[in-house]
S.K.: 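Once you've had a glance at the structure underneath, I'll fire off some questions.
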Amino acid sequence: MIEIKKTDTYLKWFKSLKDKKTQAVIDMHIGRMYFGNFGNSKPIGHGLSELKINYKREFSLSFTFENLL
C-alpha cells in the first residue's frame, strides 16, 4: 500500500468545496491510489504527476512519489 500525505493547501481547498458528494468522489479516487490504482493519471514533468477526476467538472490533482528508502 502507498502512504498518502495531504498538504495544508490541499486540505484548505478540499474543505472549501461546498458539495459533499464532490468531496466523497475525490476521496474515493485518492483512496484508490492508496491501493495502487492511479486511474486517469499521467506524469506532467519535474517529478510531478496529475490525476484527473471528471465529476460535474474536471478536477486536476497533482502528486509526487517520495523515495522512502
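Values below: all heavy atoms of this structure, side chains included; hydrogens, waters and symmetry mates excluded. All residue numbers in this chain count up from 1 along the given sequence.
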S.K.: Any chance the rings of F38 and F65 have centres within less than 6.0 Å?
M.R.: yes

S.K.: Between atom CD of E58 and atom NZ of K52, what is the distance when rounded to the nearest 0.5 Å?
M.R.: 4.5 Å

S.K.: Between D27 and K6, does the salt bridge (Lys or Arg N to Asp or Glu O under 4.0 Å) criterion hold? Intermediate values first, please.
M.R.: CA-CA 11 Å; D27 269 344; K6 298 175 182 175; 3.6 Å; yes

S.K.: I'd like to know if Y55 and I30 are part of one continuous hydrophobic network [Ile/Leu/Val/Met/Phe/Trp/Tyr, side-chain heavy atoms within less than 4.5 Å].
M.R.: yes

S.K.: Roughly how far, to the nearest 0.5 Å, is CE of M33 from CZ of F63?
M.R.: 4.0 Å

S.K.: Hey, does the side chain of T64 reach the backbone of G47 with a donor-acceptor pair shorter than 3.5 angstrom?
M.R.: yes

S.K.: Tell me whether L51 shares a hydrophobic cluster with I44, the cluster being built from Ile, Leu, Val, Met, Phe, Trp, Tyr side chains joined at under 4.5 Å.
M.R.: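 The answer is no; the residues belong to distinct hydrophobic clusters.
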
S.K.: Roughly how far, to the nearest 0.5 Å, is the CD1 atom of I2 from the CZ atom of F35?
M.R.: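 These two atoms lie 10.0 Å from each other.
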
S.K.: CG/D8 to CH2/W13 distance, rounded to the nearest 0.5 angstrom?
M.R.: 15.0 Å

S.K.: Please check if the side chain of Q23 supplies one atom and the backbone of F14 the other of a donor-acceptor pair under 3.5 Å.
M.R.: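 Yes, Q23 side chain to F14 backbone: donor-acceptor pair under 3.5 Å.
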
S.K.: Nearest 0.5 angstrom please: I53 CD1 to R57 CZ, how far?
M.R.: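 Spacing of CD1 (I53) from CZ (R57) equals 11.0 Å.
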
S.K.: Does some side-chain heavy atom of T7 sit less than 4.5 Å from a side-chain heavy atom of T9?
M.R.: yes

S.K.: With rounding to the nearest 0.5 angstrom, report the CG to OG distance, L61 to S49.
M.R.: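 L61 atom CG to S49 atom OG measures 12.0 Å (nearest 0.5 Å).
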
